[in-house]
Amino acid sequence: MKPNEFMNKNNKPTEATVSRRANLTEVAQIVIVELTTKCNFYCKMCIIHDIKKPKDINEKVIYNLLENTNSLKSILFVGMGEPTLCNNIMPYIKEIHKKGIPLIIVTNGSTLKPDLIDLIVKTNTNVVISFDAATKETFEKIKINADFSSIMKSIQNINLKKAEIPSSTSKISLRFVAMKSNIEELPSLVHLANSLNIDSIDVSQINIHYNCREETLEREQFDYYFEIAKETAEKLSIQLTLDEESTKLNCSQPFVTIDGKIKVSCNYHCIVGDLNKQSFENLWNSQKYKDIRDKLTKGEFPLYVRFNNLINTIKYVYPAAIKVIIRKLSFN
């Protein structure tokens, strides 16, 4: 999203792009953390491919995030890599649990080994599995290197562990990115989720970029299959939700990059601090960060905020897009 797409002609954020209520909180509702850029899949809808030097987040960043947790309510592990490939994910889960902070991990489900599953269930960690089809054929076309059966097995193993520990509050949900090649399978995915004891599916439309422009869905086509899936979900008591928040500017959900920088949100690239240098508590409560949150909440986009966003968009987003364009051209 371009910097000015958050604003209308009067330099005010539109209702479609700003989550106002969430912006008004005094604490960070969710701190989104990119644990690693390592990934074992090559997904059709992902803009980040071929990272030359994938790496894990610095331990100091996590330490500074957790040094004082009065300013955050929960943590979400997600990003351009697969969080479970981070070498220190298990110590991080233990430390977060020790602090009493709810944790959610978004994963492709391929590397959920028994010891990790055991820890997830014992620490009441919630797991969101990226699951973009109901059939093996479609699933493995969208997610190159994926093994549909293996991921199904991982879900079953989590359920078995939960049965062993009835006191656990861990939940499994699915995340489905809707596109031309999989939308017809959404109703079937609801039935599959029911068979796997999964009670919620989060659906989002594909974020269009040069790598998958051909997967763009017409709104009518999306609505048709979503309504069928919704009717099925209601009959099976499965929560089917349409994620319309991910494209909104939400100041209560800061994003910690792989380099330890803090962005205002995952989809707005204005960097407000560095967790390599100071704690999250100090950054969140600094006057500079408070002022930025206050102005954005009011619909004000100061020049320095827009410039910061533009510079970091060029730095972090454009290079990946250019790589995709060059790769596409080389195949033609």
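What you see below is based on every heavy atom in this structure, not just the backbone, and it leaves out hydrogens, waters and symmetry mates.
Side-chain atoms of S110 and N40 form a donor-acceptor pair, as typed in the model, at a separation below 3.5 Å. Side-chain contact check for S170 and K161: no donor-acceptor pair (N or O, by modelled atom type) lies under 3.5 Å. Using modelled atom types and a 3.5 Å distance limit, the side chains of D56 and T36 yield a donor-acceptor pair.
Both cation-pi conditions hold for K263 and F255: the charged atom is under 6.0 angstrom from the six-membered ring centre and inside a 45 degree cone around its axis.
With hydrogens and angles disregarded, no donor-acceptor distance shorter than 3.5 Å links the side chain of T69 to the backbone of L66. Between the side chain of N126 and the main chain of I104, no donor-acceptor pair closer than 3.5 Å is present. The closest donor-acceptor contact from the side chain of N182 to the backbone of V177 lies under 3.5 Å. At least one donor-acceptor pair under 3.5 Å links the side chain of N285 to the backbone N or O of E281. E215 places a side-chain N or O within 3.5 Å of a backbone atom of S181 that can act as its donor or acceptor partner. No donor-acceptor pair closer than 3.5 Å links the side chain of W284 to the backbone N or O of S279. Under the 3.5 Å distance criterion, the side-chain polar atoms of T257 are left unmatched by any main-chain donor or acceptor of E34. When atom types are taken as modelled, the side chain of E82 and the backbone of F41 share no donor-acceptor pair closer than 3.5 angstrom. Between the side chain of N159 and the backbone N or O of L196, at least one donor-acceptor pair lies under 3.5 Å. A distance-only check finds no donor-acceptor pair linking the side chain of D259 to the backbone of K261 [under 3.5 Å].
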side-chain contact (heavy atoms from CB on, under 4.5 Å) between I105 and I89, intermediate numbers included: CA-CA 10 Å; I105 300 174; I89 186 169; 4.2 Å; yes
Please evaluate residues N64 and N282 with respect to the criterion side-chain hydrogen bond (donor to acceptor under 3.5 Å, both in side chains), reporting the C-alpha separation (whole Å), side-chain torsions for both, the decisive distance (0.1 Å), and the verdict. CA-CA 10 Å; N64 283 340; N282 290 338; over 6 Å; no
Step by step, would you call V256 with I57 a side-chain contact (heavy atoms from CB on, under 4.5 Å)? CA-CA 9 Å; V256 182; I57 201 166; 4.0 Å; yes
side-chain contact (heavy atoms from CB on, under 4.5 Å) between T138 and E184: does it pass, once the steps are laid out? CA-CA 11 Å; T138 305; E184 294 181 10; over 6 Å; no
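Using a 4.0 Å cut-off between a side-chain N of Lys or Arg and a carboxylate O of Asp or Glu, D291 and K295 do not qualify as a salt bridge. Taking 4.0 Å as the cut-off between side-chain N and carboxylate O, D132 and K143 count as a salt-bridged pair. Note on E137 versus K141: salt bridge recorded, some NZ/NE/NH1/NH2 to OD/OE distance being below 4.0 Å. Comment: R219 engages D223 in a salt bridge, judged by a side-chain N to carboxylate O separation of less than 4.0 angstrom.
In this structure, C251 SG and I292 CD1 are separated by 9.0 Å, a value rounded to the nearest 0.5 Å. Considering CG of L103 and NZ of K94, their distance stands at 14.0 Å, rounded to 0.5 Å.
For K230, the NZ atom counts as loosely surrounded, since its 6.0 Å shell holds 12 or fewer non-hydrogen atoms of other residues, nucleotides or ligands.
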